[in-house]
Amino acid sequence: MQVRTRFAPSPTGFLHLGGLRSALYGYLFARKNQGSFILRIEDTDQERYVEGATQVIYDTLRDCGMNWDEGPDVGGAFGPYIQSERKDLYLPYARQLVESGHAYYCFCTREELEERRQAAEARGEVFKYDKHCLHLSREEVQQKLDAGMPWVIRQNAPTEGETSYHDEVFGDMTFPNDSLDDMVLIKQDGMPTYNFANVIDDHLMGITHVMRGMEYLSSTPKYNLLYQAFGWEIPAYIHMPPVMRDEHHKLSKRDGDAYYSDFIAKGYLSEAIINYLALVGWNPGTDQEFFTMDELIDAFDVHRINKAPGIFDVNKLTWFNAEYIRRLPPEKYLETVTPWFDRVLAGKGIHYPRLAELMQDRTEIFSQVPDMVAFLGKLPDYSADLYTHKKMKTNPAIALASLEMIRPVLEGISDWSETVIHDTVMAAIADAGLKNGAVLWPLRIAISGQASTPGGAIEIAWLLGKEETLRRLDTGLEMLRSVN
RNA sequence: GGCCCCGUGGUCAAGAGGCCUAAGACAUCGCCCUUUCACGGCGGUAACUCGGGUUCGAAUCCCGACGGGGUCACCA
């Protein structure tokens, strides 16, 4: 059997990481089985529709390396792939169900329903539609229709017995039928509800494996009843637990920090995001942690999807990101980091390739880069306390002596290259009978103005250039003379 | 509240009756390397929710409690 899965987001905003993971698992499963991955846009709720959201979905998926075989923009034999464009297709199916007694017209207004709902709540009961309109005769229905009364079509669900189905990750599920409500199939505006459109579309599009969040676990019996009423084959179900923000809340669109685009803006690599996301709720059963998309496809197995929700851990994502950055070819790293350098170093004449070499192993997220290299563009204000470091055996007094010793040495260097600076400085330190740290620490502090820097004194001196190095050294000397 | 699902360290998780004195990873702590920081290396702290069963033997099976999540819309 040709496997066909689908990702069916509603265009209500940016794609958050939970949604991205659903897409990923669907994509992985389809590819793993040489099947097709279909993209369908579920925009039946005009009130929540957000302009441009569909494009964001396309861009995000492509960015992450997930290509769909059929979809709104690429076409396919089962289109259209945008639900609103399929609008007219659903009503006939609903009517068919009305004819066969599996559904019925309902003329109850929202207000009436609301009253009954509140009355039920007042009695401490759960409101369930009472099939009020089921008993209308054919004539009465026609009369109301002719009179132009607003209507909806509801499913006629059984009230006794139970319905079972099998889920690939949760196993066998059974629900008592009396918990099934007569859900609305066609809304008053003529649009199908998600519940209905979803069944019709999945069938029409030949979806063999329905993959979706586990929040649909309990409404699946109602969908199965629909499939049966039509005499259609019920698809295989793969329900997935949610990705949580913390123990109590799942990642949602209301949490701005969960958007894929935000992570990209902060300097996370899409490969790292995908790799990490794949591992929240699923594992390969081995110790392998790093996966390319192809390796993910190869290792993926829906039976290894966990049933319990997984909490999204930015820490681990950040670690993955740092690892991916370290593994980047140097040229690629340089290219990616350049705009981040530019934010604070544009026009400063800093040698980016060398800086990039120094920075690559220290970059966890690109957005941290500007703060880490800003000192090269402008010497920050710093305190003389920085000259004190126990392990380096230095303090302001020692630092003053060290810097006074090293300044003329640096000034005397004509070939300002790292090796020459290194050899000259180290030789001078040895000649003076000093410890490396007693000179190198103060030097680095004087020219960088901060306790930790990417690279040591020599590298920074080279990056800064002779002139700027001496200028900063003088500033440091001045400060030290005033405090000593 | 009814119904459904789930419950191994702070987090992701391996584990499908004896191999568990419970892997691995992130985080955290310590040491080493080192001209700082980072990288890297080594080591440490830290978990089977609880209570009953079943069994020679249970993290693994059963029941209950507790905890968490979901669902009960003309939203998807």
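Chain identifiers are assigned alphabetically (A, B, ...) following the order of the sequence lines, protein sequences preceding nucleic acid strands; residue numbering begins at 1 within each chain.
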Item to complete: Could you pull out the closest heavy-atom pair between A/V369 and A/Y333, with the gap in Å?
Response: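 Distance-wise, the nearest heavy atoms are CG2-OH, 4.5 Å.
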Discussion item. Does A/E468 form a salt bridge (charged side-chain N to carboxylate O under 4.0 Å, His left out) with A/R472? I'd like the steps, not just the answer.
Written reply: CA-CA 6 Å; A/E468 178 66 11; A/R472 291 184 177 200; 2.7 Å; yes
Worksheet item: Of A/R86, A/R6, A/K87, which meets salt bridge (charged side-chain N to carboxylate O under 4.0 Å, His left out) against A/D201?
Response: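 So the option named by the test is A/R86.
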Take the protein atom [atom1] of [X] and the nucleotide atom [atom2] of [N], then report the distance between them rounded to whole Å.
{"X": "A/M240", "N": "B/C6", "atom1": "CE", "atom2": "P", "answer": "17 Å"}
{"X": "A/E323", "N": "B/C12", "atom1": "CD", "atom2": "C1'", "answer": "16 Å"}
{"X": "A/Q360", "N": "B/G40", "atom1": "CD", "atom2": "P", "answer": "13 Å"}
{"X": "A/M244", "N": "B/G67", "atom1": "CE", "atom2": "C1'", "answer": "13 Å"}
{"X": "A/H166", "N": "B/C5", "atom1": "NE2", "atom2": "P", "answer": "14 Å"}
{"X": "A/D202", "N": "B/A76", "atom1": "CG", "atom2": "C1'", "answer": "13 Å"}
{"X": "A/R245", "N": "B/G69", "atom1": "CZ", "atom2": "P", "answer": "12 Å"}
{"X": "A/R327", "N": "B/C39", "atom1": "CZ", "atom2": "C1'", "answer": "13 Å"}

Counterpart residues, side-chain contact (heavy atoms from CB on, under 4.5 Å), relative to [X] (two or more places apart):
{"X": "A/P396", "result": "A/Y387, A/T388, A/L480, A/V483, A/N484"}
{"X": "A/P192", "result": "A/T44, A/Y90, A/I186, A/F196, A/A197"}
{"X": "A/A457", "result": "A/L440, A/L443, A/R444"}

Worksheet item: If you look at every strand shown and take non-hydrogen atoms under 4.0 Å, does A/Q83 touch a base, only sugar-phosphate, or nothing?
Response: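 No contact.
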Paired nucleotide for [N] [Watson-Crick or G-U wobble; both distances under 3.5 Å]:
{"N": "B/G2", "answer": "B/U71"}
{"N": "B/C20", "answer": "none"}
{"N": "B/A14", "answer": "none"}
{"N": "B/A38", "answer": "none"}
{"N": "B/C50", "answer": "B/G64"}
{"N": "B/U28", "answer": "B/G44"}

Practice prompt. Can you tell me which residue pairs pass the salt bridge (Lys or Arg N to Asp or Glu O under 4.0 Å) test with a partner in residues 378-405 of chain A, sequence neighbours excluded?
Written response: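 Non-adjacent pairs meeting salt bridge (Lys or Arg N to Asp or Glu O under 4.0 Å): A/E404-A/R481.
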Worksheet item: Quick one: salt bridge (Lys or Arg N to Asp or Glu O under 4.0 Å) pairs with a partner in residues 271-285 of chain A, sequence neighbours left out?
Response: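 Listed by first then second residue: nothing to list.
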Practice prompt. Give a yes/no on whether any side-chain N or O of A/K222 is located under 4.0 angstrom from OP1 or OP2 of B/U71.
Written response: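 A/K222 to B/U71 OP1/OP2: no side-chain N or O under 4.0 Å.
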Worksheet item: Would you say B/G68 has OP1 or OP2 under 4.0 Å from some side-chain N or O of A/H248?
Response: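 Answer no for this pair, as no side-chain N or O of A/H248 is under 4.0 Å from OP1 or OP2.
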Checking [X] now: which residues fulfil side chain to side chain donor-acceptor pair (under 3.5 Å) with it, not counting sequence neighbours?
{"X": "A/S219", "answer": "A/Y223"}
{"X": "A/Y25", "answer": "none"}
{"X": "A/Q155", "answer": "none"}

Discussion item. Strictly under 4.0 angstrom, non-hydrogen atoms only: write out the protein contact profile of nucleotides 24-38 of chain B, one letter per nucleotide from the 5' end, B, S or -.
Written reply: SBSS------BBBBS
If we take the [atom1] atom in both [N] and [M], what is their distance in whole Å?
{"N": "B/U45", "M": "B/C3", "atom1": "C1'", "value": "43 Å"}
{"N": "B/G44", "M": "B/G9", "atom1": "C1'", "value": "14 Å"}
{"N": "B/A16", "M": "B/A23", "atom1": "C1'", "value": "16 Å"}
{"N": "B/C42", "M": "B/C6", "atom1": "C1'", "value": "38 Å"}
{"N": "B/A14", "M": "B/G7", "atom1": "P", "value": "10 Å"}
{"N": "B/A65", "M": "B/G57", "atom1": "P", "value": "26 Å"}

Discussion item. For RNA chain B, which residues of residues 301-311 of chain A approach it to below 4.0 angstrom with any heavy atom?
Written reply: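 Within residues 301-311 of chain A, the residues near RNA chain B are A/R304, A/N306, A/K307, A/A308, A/G310, A/I311.
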Fill in: RNA chain B contacts among residues 171-183 of chain A, heavy-atom distance under 4.0 Å
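Heavy-atom cutoff 4.0 Å gives A/M173, A/T174, A/F175, A/P176.
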Discussion item. Reading RNA chain B from 5' onward, which residue's closest nucleotide shows up sooner: A/F127 or A/V280?
Written reply: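 The answer here is A/V280.
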Fill in: A/E247 vs A/V126, nearer the 5' end of RNA chain B by closest nucleotide
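Nearest nucleotide further toward 5': that of A/V126.
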Practice prompt. Check whether the ring centres of A/Y237 and A/Y227 lie less than 6.0 Å apart, and answer yes or no.
Written response: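 Centroid separation for A/Y237 and A/Y227: 6.0 Å or greater.
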Worksheet item: Measuring from A/L410:CG to A/K466:NZ, what's the distance to the nearest 0.5 Å?
Response: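 That separation rounds to 8.5 Å.
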Practice prompt. Could you list the residues that satisfy salt bridge (charged side-chain N to carboxylate O under 4.0 Å, His left out) with A/R362, not counting sequence neighbours?
Written response: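 Scan of A/R362 (salt bridge (charged side-chain N to carboxylate O under 4.0 Å, His left out), adjacent residues dropped) gives none.
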Worksheet item: When you measure from the side chain of A/N283, which nucleotide among B/A76, B/C74, B/A13 comes out closest?
Response: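 Comparing B/A76, B/C74, B/A13 against the side chain of A/N283, the answer is B/A13.
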